[in-house]
Amino acid sequence: KQWYQRRVRGRLFIRGSNGKVYPYLMVNTSSHVKLARSEERFLQLLRMFNKSLVQRKESCRRNLQWSVPKVVATAPTSRLIEDNTSNISVLEIYRWYCKNRTPEMEVDAPIAYYYEQLGR
C-alpha cells in the first residue's frame, strides 16, 4: 500500500453482488514499463510465497499469508488497486514490537547500526 501513496488519485468504493463494499485506490501507473513490470513481478513473488506458506505445517496452522491486492488495469496509465484496511503491514508489526516488547529499542536502531558498521 505504501509504494502507491504518491500516485494515488482517489478512492473508489464498489458494492459487490453479495452486498459487501470493496474499497479500491485509483492509481496512476508510471510511464516506465520496467517499473510497472517490477511491481507485477513483486505481486507474483508474494503469491509464490503464499503457496510455500500453505505447504508448511506451522504457517498453515497459524493461517499466515502475505496480502496480495487485486489489480485491475482500467487504462494504459491507470489502475484500480484493492485497498483492504484490515491488513497489517510488516512495518506496523515491527513498530508494535519495538514499542511493547523492547521499549528501550528505537524503531530506527537497526538502520543506525547498519550505517555504523558501514562506516568502519
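Computed from a prediction, not measured in an experiment: that's the story for all the values here. Counting from 1, the numbers follow the sequence of the chain as shown.
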Donor-acceptor check, side chain of Y94 to backbone of V107, threshold 3.5 angstrom: yes or no?
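The answer is yes, because a donor-acceptor pair under 3.5 Å joins these two groups.
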Any donor-acceptor N/O pair, N50 side chain to Q65 backbone, under 3.5 Å
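Not at all, since once roles are kept as given, no pair shorter than 3.5 Å links the two residues.
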Closest non-hydrogen atom pair, T74 against R79:
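Where T74 meets R79 most closely, the heavy atoms are OG1-N, 4.0 Å.
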Do you know which two heavy atoms are closest between S67 and N87, and how far apart they sit?
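Taking every non-hydrogen atom into account, OG-ND2, 2.5 Å.
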Is the shortest heavy-atom distance from the side chain of [X] to the side chain of [Y] under 4.5 Å?
X: M26; Y: L80; answer: yes
X: N84; Y: P69; answer: no
X: F49; Y: L64; answer: no
X: W66; Y: R47; answer: no
X: R11; Y: F13; answer: yes

Taking atom [atom1] of [X] and atom [atom2] of [Y], what is their separation to the nearest 0.5 Å?
X: C60; Y: R56; atom1: SG; atom2: CZ; value: 12.0 Å
X: E82; Y: I14; atom1: CD; atom2: CD1; value: 10.0 Å
X: I81; Y: L12; atom1: CD1; atom2: CG; value: 12.5 Å
X: L53; Y: R62; atom1: CG; atom2: CZ; value: 11.5 Å
X: Q44; Y: E40; atom1: CD; atom2: CD; value: 9.0 Å
X: K20; Y: S17; atom1: NZ; atom2: OG; value: 11.0 Å

Would you say CD1 of I93 has more than 12 non-hydrogen atoms from neighbouring residues, nucleotides or ligands within 6.0 angstrom?
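Above 12, so yes.
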Joint hydrophobic cluster, V54 plus L45, side-chain heavy atoms closer than 4.5 Å
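In one cluster with V54: L45, no.
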Joint cluster assignment, Y97 & L91, ILVMFWY side-chain distance < 4.5 Å:
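No: no chain of side-chain contacts under 4.5 Å links Y97 to L91.
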Would you call E58-R61 a salt bridge at under 4.0 Å N-O?
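Salt bridge between E58 and R61, a charged N being under 4.0 Å from a carboxylate O: yes.
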